[in-house]
2 protein chains.
Amino acid sequence: MDIQLKRGLLDVCVLAAISEEDSYGYKIIKDMKPYLVLSESTLYTILKRLEAAHMLTVRSAEHDGRLRKYYHITPEGSKRIAEFKEDWKEIMAIYRFVTKEEQPHA
Amino acid sequence: MDIQLKRGLLDVCVLAAISEEDSYGYKIIKDMKPYLVLSESTLYTILKRLEAAHMLTVRSAEHDGRLRKYYHITPEGSKRIAEFKEDWKEIMAIYRFVTKEEQPHA
DNA sequence: GTGGAATACATCGTATCGCGAAGTATTCGA
DNA sequence: TCGAATACTTCGCGATACGATGTATTCCAC
């Protein structure tokens, strides 16, 4: 799939992956894989960006002697998803413009 | 609207704007405005990129003593739009993942 | 008849971003 | 024992959107 098309979905998709229960890097990648493949470097960049934007919080926990960082969505993160849903209306309008479906003959 | 979300739409949207009849820079921006606002610098970058990718051809013509560059979509450009439609199925799957609509309980 | 908006195209520099590459460290199964 | 899987991190590159800026012409209001 076109990389550019993914861009707007990535952030919100990661937020969606942790929205139902806290998750960690490796699991997020696995959960997203059926929908959207992303590399580790990409994910950790996104996670840091979302943390800086206060859309999620991080908590370290040990699991089988290995460190795991659990990510938890904040209200601001949920708000981001809600905004995405709003934006989607505009996206669909653009989609119809591109595919020439039910155009009002401008 | 989120800039990132626009990214995947921009190229294909410009192609759509010239798909029914040849058009030129200023008109493309005007035609797209109801759906997607983009600056001139962005558009000319995109037009050059699409030309380099052989998705459109350019032809200069004089209009009222002023130069105009008319852009014409190629079969490859049309193919790009068709591919976009295909990609859209995946995009919708991601949308459902994000909005948790009819998830098959993974 | 003059000035400013609109038309029309072009270039440069910057910030953002996805991702490949490479690295560290542990656990688990063949 | 050795490689795959798990788990996180950093660096650097290339692509890209866009603001700023510049050039040049036409058209309309005053």
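Chain letters run A, B, ... following the sequence lines, proteins first, then strands; residues in each count from 1. Source: prediction; values computed, not measured. Scope of the values below: all heavy atoms of this structure, side chains included, with no hydrogens, waters or symmetry mates.
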Item to complete: State, to 0.1 Å, how close A:Ile28 and A:Ala17 come at their nearest heavy-atom pair, and which atoms those are.
Response: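 Taking A:Ile28 first and A:Ala17 second, the nearest heavy atoms are CG2-CB, 4.0 Å.
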
How long is the line joining [atom1] of [X] and [atom2] of [N], in whole Å?
X       : N      : atom1 : atom2 : value
A:Leu9  : C:dC17 : CG    : P     : 15 Å
A:His63 : C:dA25 : NE2   : C1'   : 16 Å
A:Tyr44 : C:dC17 : OH    : C1'   : 18 Å
A:Ile46 : C:dT16 : CD1   : P     : 16 Å
B:Arg49 : C:dA10 : CZ    : P     : 16 Å
B:Glu62 : C:dA8  : CD    : P     : 13 Å

Worksheet item: On the ring face of B:Tyr71, is B:Lys69 found with NZ or CZ under 6.0 Å from the centre and within 45° of the axis?
Response: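 Cation-pi check for B:Lys69 and B:Tyr71: fails.
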
Worksheet entry | Within 45° cone of B:Tyr44 ring axis and under 6.0 Å: B:Lys48 NZ or CZ |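 Relative to the ring axis of B:Tyr44, which defines the angle, B:Lys48 lies outside at least one limit.
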
Pairwise N/O distances under 3.5 Å, protein to nucleotides 19-21 of chain C:
from: C:dC19; atom 1: OP1; to: A:Lys6; atom 2: NZ; distance (Å): 2.9
from: C:dC19; atom 1: OP2; to: A:Thr42; atom 2: OG1; distance (Å): 3.2
from: C:dG20; atom 1: N7; to: A:Ser41; atom 2: OG; distance (Å): 2.9
from: C:dG20; atom 1: O6; to: A:Ser41; atom 2: OG; distance (Å): 3.0

Worksheet item: Considering residues at least two apart in sequence or located in another chain, which fulfil the side chain to side chain donor-acceptor pair (under 3.5 Å) criterion with A:Arg59?
Response: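 A:Asp22.
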
Discussion item. Going by side chain to side chain donor-acceptor pair (under 3.5 Å), name the residues that satisfy it together with A:Ser39, two or more places apart in sequence or in a different chain.
Written reply: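 A:Ser39 satisfies side chain to side chain donor-acceptor pair (under 3.5 Å) with A:Ser41, A:Thr42 once adjacent residues are dropped.
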
Item to complete: Specify the residues of residues 15-31 of chain B, ordered by number, for which at least one heavy atom lies under 4.0 angstrom from an atom of DNA chain C.
Response: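 DNA chain C contact set from residues 15-31 of chain B: B:Tyr24, B:Gly25, B:Tyr26, B:Lys30.
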
Worksheet item: Using a heavy-atom cut-off of 4.0 Å to chain A, what are the terminal contacting nucleotides of DNA chain D, in 5' to 3' order?
Response: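 That gives a stretch of D:dT6 to D:dT16.
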
Discussion item. I'd like to know if B:Arg80 and B:Asp87 make a salt bridge, using a cut-off of under 4.0 Å between side-chain N and carboxylate O.
Written reply: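 So B:Arg80 does not pair with B:Asp87 through a salt bridge.
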
Worksheet entry | Cationic N near anionic O, under 4.0 Å, B:Lys6 to B:Asp2 |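 No.
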
Worksheet item: Between A:Lys79 and A:Met55, is any pair of side-chain heavy atoms under 4.5 Å apart?
Response: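 Not touching, per the 4.5 Å side-chain cut-off.
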
Worksheet item: Heavy atoms, side chains only, cut-off 4.5 Å: are B:Ser60 and B:Arg68 in contact?
Response: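 Answer no - side chains too far apart.
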
Item to complete: To the nearest 0.5 Å, tell me how far A:Leu36 CG sits from A:Met1 CE.
Response: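 Reported value, rounded in 0.5 Å steps: 5.0 Å.
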
Practice prompt. Using heavy atoms to find the nearest nucleotide of DNA chain D for A:Lys69 and A:Gln4 separately, return the residue whose nucleotide is more 5′.
Written response: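 First, find each residue's nearest nucleotide; the 5'-ward one identifies A:Lys69.
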
Item to complete: For B:Arg68, answer base if it contacts any base atom (sugar-phosphate contacts may also be present), sugar-phosphate if it contacts only those atoms, and nothing otherwise; contact means non-hydrogen atoms under 4.0 Å.
Response: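 Sugar-phosphate contact only.
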
Item to complete: Give me the other members of the hydrophobic cluster that B:Val37 sits in, counting Ile, Leu, Val, Met, Phe, Trp and Tyr linked by side-chain heavy atoms under 4.5 Å, directly or via other members.
Response: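 Via sub-4.5 Å side-chain contacts, B:Val37 links to none.
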
Worksheet entry | Check: C:dT7 base within 3.5 Å donor-acceptor of B:Arg66 side chain |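 Yes, a donor-acceptor pair under 3.5 Å.
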
